[in-house]
Amino acid sequence: GRSVGAIYASFSRESLMVSGAMALLAIFAALMLWLALNAYPVVEDSLTIKLQKAVFAIEANSFLPTNLTDDGRMFISPPYPALLQLFFIVNRQTSHALLVFGFVNWAICGLAIYGICQRSEVSRLSSWITLVFVLLSPTLIIQGTSEGDDILVATPFLLSLLFFLTWTHS
């Protein structure tokens with residue numbers, strides 16, 4: 001049989017680093033999914049606050065503020081994520097469904113980032129390092145395990161960028 005050193009030497013440094021990045025992301029993904037399935041939303045009434053933006057938009061007959069004197073809450077974040085999360089309330093889902101939805105968006109963001117790196121002809125190792133740094137940033141970890149708005153806005157943006165790069169390369 002081969003020794004451990006010989007087996008270790010047969011792998012390139014790049015493949016070991018990519019495997020380490022994969023393992024790190026897999027561990028964090030498992031922990032985040034466990035948290036999403038067992039924790040409760042950070043702010044129980046956060047959807048109540050978010051839905052006010054949708055009500056203001058409906059009253060103004062536009063999702064865009066009409067002038068600078070409009071209610072300032074419309075500028076904080078768009079109302080679309082609240083409308084998307086409203087699906088879970090209307091269908092009487094548990095609060096864990098919101099957190100799992102955030103986790104799914106976190107994972108989709110990761111796939112989109114990796115795809116963007118590959119379409120931009122970034123090396124495999126650089127793509128994985130970028131993926132680790134972005135997905136394991138504190139903000140995205142929190143967004144991926146909460147009912148936050150930012151990840152719900154980032155996901156379609158990143159997917160649109162990926163589809164655009166795919167279209168321009170075809």
Distance-only check: which donor-acceptor pairs under 3.5 Å involve side-chain atoms of residues 27-38, not counting sequence neighbours?
from: Asn38; atom 1: ND2; to: Trp34; atom 2: O; distance (Å): 2.8

Quick check: do Leu136 and Ile141 have side-chain heavy atoms less than 4.5 Å from each other?
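They are in contact (side-chain heavy atoms under 4.5 Å apart), so the answer is yes.
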Nearest non-hydrogen partners of [X] and [Y], listed with the distance:
X: Ile116; Y: Leu161; value: CD1-CD2, 3.7 Å
X: Gln143; Y: Ile151; value: OE1-N, 3.3 Å
X: Val134; Y: Leu140; value: O-CD1, 3.2 Å

Got a sec, which pairs hit side-chain hydrogen bond (donor to acceptor under 3.5 Å, both in side chains) with one end in residues 122-142, sequence neighbours left out?
Gln118-Ser127, Ser123-Ser126
Output the distance between atom CE (Met17) and atom CG (Leu24), rounded to the nearest 0.5 Å.
12.0 Å
Listed pairs under 3.5 Å, donor-acceptor, residues 100-114 side chains, sequence neighbours left out:
from: Asn105; atom 1: OD1; to: Thr155; atom 2: OG1; distance (Å): 3.1
from: Asn105; atom 1: ND2; to: Phe101; atom 2: O; distance (Å): 2.8
from: Trp106; atom 1: NE1; to: Leu135; atom 2: O; distance (Å): 3.1

Could I get the full list of side chain to side chain contact (heavy atoms under 4.5 Å, CB included) partners for Ser19, not counting sequence neighbours?
none
Write out all pairs satisfying ring-ring contact (aromatic ring centres under 6.0 Å, His included) with one or both partners inside residues 134-170, taking only residues at least two apart or from two chains.
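Found none.
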Tell me whether Val122 is reachable from Leu131 by hopping between hydrophobic residues (I, L, V, M, F, W, Y) whose side-chain heavy atoms are closer than 4.5 Å.
no
